[in-house]
Each structure stands twice: as C-alpha cells, then as structure tokens.
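So you know, we letter chains A, B, ... as the sequences are listed, proteins then strands, and number each from 1.
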Amino acid sequence: MTTLLMIGELARRTGTTERLLRYYEEQGLLSPERTAAGYRVYEEADIAQVRRIRTLLTSGLNTATIAQVLPCLRDDDGRLVPTCPQLVGELHRERARLTDSIEALLASRSLLDEVITAAPPEFADLVGAAADRPGPAGRPAA
DNA sequence: TTTCTTACA
DNA sequence: TGTAAGTA
C-alpha cells in the first residue's frame, strides 16, 4: 500500500517545514502530484528523498546540482550509491570546489590569527567572550 | 483544519 | 525563513 501524504505530514515526518518542502519543489528537487484543489500529494518515497536532499545540502551541494544528481542516486538502506557513470566525475568536481573553499577559509583564518596575535597583551581581557583563539587547534571558551 | 499563492519584513 | 491575507 502506497501511503500518500499532504505537505504537513511530510514536513513532520522529515523534520522540515512546509515552507522548505515548497522551496524544494520550486528548485526542482521534488515533484509532488496535485489534488483537484491544488494540494500537493507526496508518496512515502519522498520521505527518503527529502532526507537525501538534506544530506546533499549538508555536503555543500547547491540545489541546482542536487537536482541533477538526485535521479542518479540509489538508496542502499541509508547509503547513497551513484547509478550514473558521469555522476562520479561531477562529484569529484564538487569535492574539488569544496577543497578550494576550505583552503580559502583556512587562509583567511591564518590572516586573522596574525592580526589577533599582534594585539597588545592588555587587550586580552577585551576578548573574553571569544569562542576561538589563534592557534592550530583552537580552544573552546571556558 | 489544512493547504494554496503571493508578497513583505 | 517566517508570517499574513484570503481561499478552496
């Protein structure tokens, strides 16, 4: 039996919001059927689909990329497995972009570290609320 | 009551 | 993203 669900229920079952689900549709990530009255009708499979979308978004992919990637993924009980040959190449490109971003952020942090380290000692108590301090590991605030 | 679209903060 | 309006 294929259970159908309205947007409100799908939102609850996926821990998202109705707003977000409509946005996913607008971005071509979901394509729910419609009732005569225009209500969106989702299938149970969309629950997993939404989880996949969220996983990919967390991985740093934008919605446009996800829209292309989604039809090429198989769900092996929670594990996403590529089913299209060209997908692996695209993912490598995406990974390279992430690497570039990470390196850019690290460089920015190093620059900030230099400036922070150059601050006079008497400025120390002015940054007591800082959650991170200059240094390789960083240190949580007490 | 729930959902829809559109639009503004 | 949240919210409000006016419906179906």
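Under a hydrophobic clustering in which Ile, Leu, Val, Met, Phe, Trp and Tyr are joined whenever their side-chain heavy atoms come within less than 4.5 Å, directly or via other members, Y39(A) and Y42(A) fall into different clusters. Residues L30(A) and L70(A) are members of one and the same hydrophobic cluster, defined by side-chain heavy-atom contacts under 4.5 angstrom among Ile, Leu, Val, Met, Phe, Trp and Tyr. No single ILVMFWY cluster, assembled from side-chain heavy atoms under 4.5 Å apart, contains both M6(A) and L10(A).
Interface limits on DNA chain B: the 5'-most and 3'-most nucleotides within less than 4.0 Å of chain A heavy atoms are dT2(B) to dT5(B).
Within the 3.5 Å criterion, the main-chain N or O of A37(A) finds a donor-acceptor partner in the side chain of T35(A).
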Tabulated below should be each protein N or O lying under 3.5 Å from an N or O of nucleotides 5-8 of chain C; please produce it.
unit_1: dA8(C); atom_1: N3; unit_2: Y39(A); atom_2: OH; d: 2.9

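Scanning DNA chain B for stems, defined as runs of 3 or more consecutive Watson-Crick or G-U wobble pairs whose donor-acceptor distances all fall under 3.5 Å, gives the following ranges: B:4-8 with C:2-6.
Among residue pairs with one or both ends in residues 9-48 of chain A, none qualify as disulfide (SG to SG under 2.5 Å); sequence neighbours excluded. Note on residues 14-55 of chain A: no pairs pass disulfide (SG to SG under 2.5 Å), not counting sequence neighbours. Residue pairs meeting the salt bridge (charged side-chain N to carboxylate O under 4.0 Å, His left out) criterion with at least one partner in residues 20-40 of chain A, sequence neighbours excluded, are E18(A)-R22(A), E25(A)-R34(A), E25(A)-R40(A).
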Give every donor-acceptor pair under 3.5 Å between a side-chain atom in residues 80-99 of chain A and any protein atom, sequence neighbours left out.
unit_1: T83(A); atom_1: OG1; unit_2: C72(A); atom_2: O; d: 3.1
unit_1: H92(A); atom_1: ND1; unit_2: V88(A); atom_2: O; d: 3.0
unit_1: E94(A); atom_1: OE1; unit_2: R97(A); atom_2: NE; d: 3.4
unit_1: E94(A); atom_1: OE1; unit_2: R97(A); atom_2: NH2; d: 2.6
unit_1: T99(A); atom_1: OG1; unit_2: R95(A); atom_2: O; d: 3.0

Scan the side chains in residues 48-57 of chain A for donor-acceptor partners under 3.5 Å anywhere in the protein, sequence neighbours excluded, and list what turns up.
unit_1: Q49(A); atom_1: OE1; unit_2: R52(A); atom_2: NH1; d: 3.3
unit_1: R51(A); atom_1: NH2; unit_2: R13(A); atom_2: O; d: 3.3
unit_1: R52(A); atom_1: NE; unit_2: A48(A); atom_2: O; d: 3.4
unit_1: T55(A); atom_1: OG1; unit_2: R51(A); atom_2: O; d: 2.9

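Residues of residues 44-63 of chain A having a heavy atom closer than 4.0 Å to DNA chain B: none are found. Within residues 16-26 of chain A, the residues approached by DNA chain B to less than 4.0 Å at the level of any non-hydrogen atom are E18(A), R22(A), in residue-number order.
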* Trace of the side-chain hydrogen bond (donor to acceptor under 3.5 Å, both in side chains) decision for S110(A) with D113(A) -> CA-CA 5 Å; S110(A) 292; D113(A) 282 352; 5.2 Å; no
* To do: Applying side chain to side chain contact (heavy atoms under 4.5 Å, CB included), run through I102(A) and L105(A) and close with a yes or a no.
  => CA-CA 5 Å; I102(A) 290 169; L105(A) 287 171; 5.6 Å; no
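Inter-residue side-chain proximity for L21(A) and D46(A) is flagged as unmet; no heavy-atom pair is nearer than 4.5 Å.
Every residue was checked against the side chain to side chain contact (heavy atoms under 4.5 Å, CB included) condition with A107(A), not counting sequence neighbours, and none meets it.
Annotation for V115(A): hydrophobic cluster partners, listed by chain and number, are none (ILVMFWY side-chain heavy atoms under 4.5 Å, direct or chained).
Nearest approach of A67(A) to G28(A), heavy atoms of both residues: CB-O, 4.1 Å.
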